[in-house]
Amino acid sequence: MSKNTPKAIRGTQDIFGPDAEGFAFVVETFERVRKLYRFRRAEMPVFEKTEVFARSLGETTDVVSKEMYSFDDRGGESLTLRPEFTAGIARAFLTNGWQQHAPLKLATHGPLFRYERPQKGRYRQFHQIDAEIIGAGEPQADVELLAMADQLLKELGIEDVTLHLNTLGDGESREAWRAALVDYFSAVKGDLSEDSQERLEKNPLRILDSKDRRDRPFLADAPKIDDFLSDEAAAFFDAVTSGLDAAGVKWKRAEALVRGLDYYRHTAFEFIPDEGSASADALGSQSTVLGGGRYDGLIENLGGPATPAVGWAAGIERLAMLVGERVEPPAVVIIVVEDDGRTSEATAALRRLREAGLSSEMIASGSLRKRYDKAVKRSPGTIISLQTEMGHSISGDDSSDPRVFETLPEYK
RNA sequence: GCGAUCGUAGCUCAGUUGGUUAGAGCGCCGGUUUGUGGUACCGGAGGUCGGGGAUUCGAGCUCCCUCGGUCGCCCCA
């Protein structure tokens, strides 16, 4: 590599080989499951006016205040590369009149951008799959959404993660709880970690899942959301949990689970690897594999009508790490050209194989005597070797697809 | 933004208390052997040891700066 070859941007990745196969497997599985649940596909732009995210996520959140990739376009307007899907989907819902389709089940996937220090399972350009139900305020929507997430993880072969579930209540419940937490933690402020003292000002709910030892003694006796839930909010949560039970989705109550973004109300959830599991090891300190919740106020914040909605997103890279490396399937046929005069013959044969839907390639370069060895190393179902004197040899008869010789009877 | 750690061929790594032309395996290219084929052997290409500066007779190895990777904190998928 020359010294003046440009390097990739920090936090971006070039994905290839087994990793790329894992990535594709996640996306393909998501597409399949999403159709099973009748979620409709949507595509949004990767950039929006900055205000779309600033107004949706909350001006004071870290994402908005320091993690957005923002820039001015030539007209001087501030634009931002999407740091998440939900805000853009809400904007699209309003500007395209998708209200007419409500309740609307949507699914999408693609790249997102966040200006952060990269580490295991976290990148500046990362990729998510995403599912939302917009315009449905009933708990059954939460159940539907979570049932889909649960089945997706199962179909990906990820068994050692558990749904951690909480409710943040409605707006009033959440505010009352928040105030009680501030009172409680303020009383012991001096004994809290520096980080949590800061959280007390900015985001007191997050003290609850602090990793600092100094905060732990105070967590167990902290005010519980359940004591502040309105009757309606409690009934809503009951309906969600009983619905999950009916759908066969295993879950675990996580009273300390809160979500970072301001727009969440009622249901909040994360699928987290079980303690000590292989998945927990694979993810390092990035524990959440899929997360989301209900965001009934968001669309109103963007100037639309009051519209309830729930959604989740999951990092494709993180899921791919749990799925493990996936090998590329070998070719059905490899044609080895051991006589350069027969290259055209091989080209014609390949065309017919591919038209018949049989994956195939040829090896026709490099040392003549090593071409066959190269083919063997790629372990195809069948090797057809075109030799001098118009001869040929076949190997792999046992594992050959019968269609190979239906397509190319002359080599049988 | 903060902390830790690493940075030698395309890849994975060796390189002794600093000492002459920097090595291996794999991969790649060519050849020999086996004569019908995933073997073995030989040879070749490929590195200004991340970059810059300092110490020294002499630095891949010591020191400083810088740039990158990785992991962790904050935050988050």
Side-chain angles (χ1 to χ4, degrees), chain A residues 1-13 16-17 26 57-58 60-68 82-86 109-131 149 161 193-199 202-203 205-207 209-213 257-261 264 269-273 283-293 311-322 330 334 336 338 363 365-380 383 385 387-389 391-396:
Chain A
M1 184 173 63
S2 164
K3 58 182 182 295
N4 54 14
T5 300
K7 296 182 202 112
I9 303 299
R10 182 196 290 270
T12 63
Q13 15 165 25
F16 174 72
V26 170
L57 306 183
T60 62
T61 56
D62 274 34
V63 172
V64 170
S65 60
K66 54 187 205 194
E67 292 173 4
M68 294 203 302
R82 41 139 92 143
E84 55 123 47
F85 278 116
T86 305
H109 66 81
L112 302 168
F113 305 84
R114 233 116 108 169
Y115 195 92
E116 298 183 282
R117 286 298 289 270
Q119 55 184 278
K120 193 183 186 76
R122 129 189 275 186
Y123 307 93
R124 286 189 175 176
Q125 177 179 335
F126 57 107
H127 302 79
Q128 288 186 344
I129 51 178
D130 180 282
V161 301
S193 65
E194 296 79 15
D195 283 334
S196 286
Q197 294 189 27
E198 225 177 286
R199 291 186 183 110
K202 288 174 56 184
N203 196 350
L205 306 203
R206 290 224 79 99
I207 298 175
D209 55 10
S210 167
K211 291 173 189 168
D212 198 298
R213 265 201 200 112
L257 189 154
V258 296
R259 303 278 306 159
L261 308 176
Y264 286 107
F269 53 86
E270 297 179 353
F271 282 81
I272 299 174
L283 283 177
S285 66
Q286 315 303 325
S287 54
T288 302
V289 113
L290 181 154
W312 57 250
I316 297 175
E317 288 89 346
R318 289 188 189 174
L319 290 171
M321 284 191 280
L322 304 191
I334 289 183
V336 179
E338 295 193 81
I363 293 176
S365 64
S367 167
L368 288 176
R369 69 183 345 131
K370 284 179 180 165
R371 291 180 187 179
Y372 191 88
D373 292 350
K374 282 190 199 170
V376 170
K377 283 188 181 174
R378 296 184 197 180
S379 54
I383 298 174
S385 175
Q387 301 164 325
T388 53
E389 312 297 329
H392 69 270
S393 74
I394 298 293
S395 79

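Order of the sequence lines sets the chain letters (A, B, ...), proteins ahead of strands, with each chain counted from 1.
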Would you indicate whether the side-chain heavy atoms of A:Q13 and A:E317 approach each other to under 4.5 Å?
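Yes, at least one pair of side-chain atoms sits under 4.5 Å.
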Below 4.5 Å, heavy atoms only, C-beta onward: do A:L283 and A:M321 meet side chain to side chain?
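A side-chain contact under 4.5 Å exists here.
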Given atom [atom1] of [X] and atom [atom2] of [N], what is their separation to the nearest angstrom?
{"X": "A:F269", "N": "B:rA77", "atom1": "CZ", "atom2": "C1'", "result": "12 Å"}
{"X": "A:R213", "N": "B:rC73", "atom1": "CZ", "atom2": "P", "result": "13 Å"}
{"X": "A:L205", "N": "B:rC74", "atom1": "CG", "atom2": "P", "result": "16 Å"}
{"X": "A:I9", "N": "B:rG68", "atom1": "CD1", "atom2": "C1'", "result": "12 Å"}
{"X": "A:K120", "N": "B:rC71", "atom1": "NZ", "atom2": "P", "result": "6 Å"}
{"X": "A:L283", "N": "B:rC76", "atom1": "CG", "atom2": "P", "result": "17 Å"}

Taking NZ, NE, NH1 and NH2 as the nitrogens, is one of them in A:R124 or A:E116 under 4.0 Å from a carboxylate oxygen of the other?
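Salt bridge absent between A:R124 and A:E116.
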Return no unless some side-chain N or O of [X] is found under 4.0 Å from OP1 or OP2 of [N].
{"X": "A:Q119", "N": "B:rG72", "value": "yes"}
{"X": "A:K211", "N": "B:rC73", "value": "yes"}
{"X": "A:S285", "N": "B:rC73", "value": "yes"}
{"X": "A:R117", "N": "B:rC75", "value": "no"}
{"X": "A:R10", "N": "B:rG68", "value": "yes"}

Base B:rG1 paired with A:E67 side chain (donor-acceptor, <3.5 Å):
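Not at all, since no donor on one side and acceptor on the other fall under 3.5 Å apart.
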Does any nucleotide pair with [N] by Watson-Crick or G-U wobble geometry, both distances under 3.5 Å, and what is it?
{"N": "B:rG47", "value": "none"}
{"N": "B:rA14", "value": "none"}
{"N": "B:rG3", "value": "B:rC71"}
{"N": "B:rC41", "value": "B:rG31"}

Mind checking [X] for me? I need base, sugar-phosphate or nothing, with any heavy atom below 4.0 Å counting as a touch.
{"X": "A:R378", "value": "nothing"}
{"X": "A:E194", "value": "nothing"}
{"X": "A:R114", "value": "base"}
{"X": "A:E270", "value": "nothing"}

Would you indicate which nucleotide in B:rG72, B:rC76, B:rG27 comes nearest to any side-chain atom of A:K377?
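Within the option list, the nearest is B:rG27.
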Identify which nucleotide among B:rA77, B:rC2, B:rC75 has an atom closest to any side-chain atom of A:R122, counting heavy atoms from C-beta outward.
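From the listed options, B:rC75 comes nearest.
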5'-most by nearest nucleotide on RNA chain B - A:S365 or A:D212:
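Looking at RNA chain B, the more 5' nearest nucleotide goes with A:S365.
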To the nearest 0.5 angstrom, please state how far the CD atom of A:E194 sits from the CZ atom of A:R199.
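It is 10.5 Å, given to the nearest 0.5 Å.
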Quick one: CG on A:D62 to CE on A:M68, what's the gap to the nearest 0.5 Å?
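So the gap between those two atoms works out to 12.0 Å.
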